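Remember, it's a predicted structure, so these values are computed and weren't measured experimentally. The figures that follow rest on heavy atoms only: side chains count, while hydrogens, waters and symmetry mates do not. Reminder, nothing fancy here: chain letters follow the sequence lines and each chain counts from 1.
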Protein chains: 2
Amino acid sequence: MTADPSPPVRLPEPPTRPTLTREYLAAAALALIDAHGLRKFSMRKLGTAVGFDPMAVYRHYDDQEDLFDGVAETLFTEVNVDTLPWDGPWRELAQNYCLRLRDTLLRHPQAVPLFATRPVRSPASIDTGVKMLTKLSDAGIPPAQGLRIIRCLREFTIGHTLAIAVTKLGADQRSRKPEPGSPDYNLLAEAADATTLDDHFETGLTAILSGFEQSARMR
Amino acid sequence: MTADPSPPVRLPEPPTRPTLTREYLAAAALALIDAHGLRKFSMRKLGTAVGFDPMAVYRHYDDQEDLFDGVAETLFTEVNVDTLPWDGPWRELAQNYCLRLRDTLLRHPQAVPLFATRPVRSPASIDTGVKMLTKLSDAGIPPAQGLRIIRCLREFTIGHTLAIAVTKLGADQRSRKPEPGSPDYNLLAEAADATTLDDHFETGLTAILSGFEQSARMR
DNA sequence: ACCTGAACACCGTTCAAGT
DNA sequence: ACCTGAACACCGTTCAAGT
């Protein structure tokens with residue numbers, strides 16, 4: 001409590017040593033996974049990549065499982081659900097959500113298997129689920145049915161994105177076309193040429209939504 | 001070429017040393033994954049588990065990636081697609097295929113992430129795809145649209161099964177319910193109680209199929 | 001010719017020892 | 001009090017050396 005009346009000396013900015021945070025580490029981990037693939041990632045590489053001890057990550061995350069949960073959360077944040085059309089009709093909202101989730105994940109194909117194999121438990125994603133459910137509820141859809149719709153859409157979106165991602169990544173290292181000798185090669189090749197790897201996503205989404213709407217009308 | 005006219009001595013069965021085959025190794029790997037989880041699995045453990053050198057597997061599979069492809073093939077074989085109702089209507093066929101695939105995978109929850117993150121490249125599964133496509137083609141559905149339908153169904157089925165599997169496995173070690181303090185807890189809890197984890201699968205399948213049929217009618 | 005297992009370059013995670 | 005990095009118990013994969 002010894003007050004100093006003279007104006008405090010204005011020191012120059014000290015050389016700041018960057019501090020590790022959970023968020024920064026998760027973002028850095030995602031960048032490493034994007035760059036070199038999930039297989040090549042390691043806790044030690046992350047620590048050294050951010051300029052710290054190989055073990056530094058353990059002061060912020062319990063273990064790799066915990067860190068990967070953080071990476072999944074980073075991905076979910078990138079979806080930026082706040083800017084979805086929450087005031088429009090629920091079908092538009094749901095469809096936009098799925099498209100956004102797909103686009104976000106496809107920007108990080110190497111991380112899709114990580115995201116897809118993790119149960120949703122982050123508060124942010126649970127919160128989004130609740131908001132969506134409320135929206136459907138306001139439109140007259142009972143919660144049980146609403147939950148079914150949301151789960152179906154989410155599962156289709158992730159299944160689709162996963163298929164695209166692993167095909168894209170696998171294609172780099174191995175061959176993918178069936179041998180042209182096969183008798184039915186023409187049918188498959190013709191079909192595969194006529195439809196790109198992902199042009200069926202919106203078709204599928206629409207089908208699910210129409211299907212549910214139809215079953216609602218028949219109830 | 002020295003022929004011996006006396007009847008050959010009938011020797012007792014020699015102690016047979018079991019020989020490793022690709023199929024047996026893949027089945028054994030699946031059993032280990034079922035028992036201890038994908039994380040705990042290793043090439044060395046597989047070799048010793050079957051009573052051979054830790055490196056024995058490398059004489060039959062190039063590397064772990066190659067072995068896992070074999071495990072995925074084993075799983076696909078267990079689906080037993082030959083006994084599907086190939087002579088019935090295509091909707092029945094497709095639906096049965098999806099249900100069978102789901103049931104098979106859910107018998108091996110620990111292996112679902114492996115199966116889901118592997119592009120289909122085994123001859124058997126490509127063959128099944130071609131047969132299905134032919135079936136739809138016979139029903140008047142153009143190949144491009146048929147491929148879209150098949151892909152959607154497959155992606156939904158795998159996305160669904162993956163969600164069920166990781167939730168089931170994750171529930172063993174962590175908590176899963178949202179904190180009861182949350183304001184919308186009641187809505188979510190009520191909905192979750194009213195619908196089990198997987199009662200929406202057939203609903204979703206039906207929705208997809210109805211949706212596609214509807215869009216076909218409007219074409 | 002075939003198989004083994006030593007060796008290499010890594011891992012995730014813990015924890016005693018240092019500052 | 002905080003952080004480091006040695007240490008432990010593993011990995012996947014290669015390949016020289018043995019039989």
Task: Pairing residues for A/T83 by the side chain to side chain donor-acceptor pair (under 3.5 Å) criterion, not counting sequence neighbours - done: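 So A/T83 forms a side chain to side chain donor-acceptor pair (under 3.5 Å) with A/R100.
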
What is the distance, rounded to the nearest whole Å, between atom [atom1] of [X] and atom [atom2] of [N]?
X: B/D53; N: C/dC2; atom1: CG; atom2: P; result: 16 Å
X: B/L46; N: D/dC11; atom1: CG; atom2: P; result: 12 Å
X: B/F52; N: C/dC2; atom1: CZ; atom2: C1'; result: 13 Å

Distances under 3.5 Å between nitrogen or oxygen atoms of protein and nucleotides 12-14 of chain D:
{"from": "D/dG12", "atom 1": "OP1", "to": "B/M43", "atom 2": "N", "distance (Å)": "3.1"}
{"from": "D/dG12", "atom 1": "OP1", "to": "B/Q64", "atom 2": "NE2", "distance (Å)": "2.7"}
{"from": "D/dG12", "atom 1": "OP2", "to": "B/M43", "atom 2": "N", "distance (Å)": "3.1"}
{"from": "D/dG12", "atom 1": "N7", "to": "B/R44", "atom 2": "NH1", "distance (Å)": "2.3"}
{"from": "D/dG12", "atom 1": "O6", "to": "B/R44", "atom 2": "NH1", "distance (Å)": "2.8"}
{"from": "D/dT13", "atom 1": "OP2", "to": "B/Y58", "atom 2": "OH", "distance (Å)": "2.9"}
{"from": "D/dT13", "atom 1": "OP2", "to": "B/Q64", "atom 2": "N", "distance (Å)": "3.0"}
{"from": "D/dT13", "atom 1": "O4", "to": "B/R44", "atom 2": "NH1", "distance (Å)": "3.4"}

Would you give me the side-chain donor-acceptor pairs under 3.5 Å for residues 152-160 of chain B, sequence neighbours excluded?
{"from": "B/E155", "atom 1": "OE1", "to": "A/H160", "atom 2": "ND1", "distance (Å)": "2.8"}
{"from": "B/E155", "atom 1": "OE1", "to": "A/H200", "atom 2": "NE2", "distance (Å)": "2.9"}
{"from": "B/E155", "atom 1": "OE2", "to": "A/H200", "atom 2": "NE2", "distance (Å)": "3.2"}
{"from": "B/T157", "atom 1": "OG1", "to": "B/L153", "atom 2": "O", "distance (Å)": "2.7"}
{"from": "B/H160", "atom 1": "ND1", "to": "A/E155", "atom 2": "OE1", "distance (Å)": "2.9"}
{"from": "B/H160", "atom 1": "ND1", "to": "B/H200", "atom 2": "NE2", "distance (Å)": "3.4"}

Hey, what are the protein-to-nucleotides 16-18 of chain C N/O distances that come in under 3.5 Å?
none

Check side chain to side chain contact (heavy atoms under 4.5 Å, CB included) between [X] and all other residues, then give those that pass, not counting sequence neighbours.
X: A/A165; answer: A/P109, A/V112
X: A/T77; answer: none
X: A/D103; answer: A/R107
X: B/T206; answer: B/R91, B/Q95, B/S210

TODO: Mind jotting down which residue pairs meet the salt bridge (Lys or Arg N to Asp or Glu O under 4.0 Å) criterion with at least one end in residues 158-167 of chain A? Sequence neighbours excluded, please.
DONE: none

Open item on the list: Filter on ring pair (Phe, Tyr, Trp, His ring centres under 6.0 Å), then keep only pairs touching residues 54-84 of chain A, sequence neighbours left out; what's left?
Closed with: A/F41-A/F68

Task: Canonical and wobble pairing (Watson-Crick, G-U, under 3.5 Å) of DNA chain C, dot-bracket with | - done: ||.|||||...|||||.||

Using residues 28-40 of chain B as the side-chain source, report each donor-acceptor pair under 3.5 Å to any protein atom, sequence neighbours left out, with the distance given to one decimal.
{"from": "B/D34", "atom 1": "OD1", "to": "B/H108", "atom 2": "ND1", "distance (Å)": "3.1"}
{"from": "B/D34", "atom 1": "OD2", "to": "B/H108", "atom 2": "ND1", "distance (Å)": "2.7"}

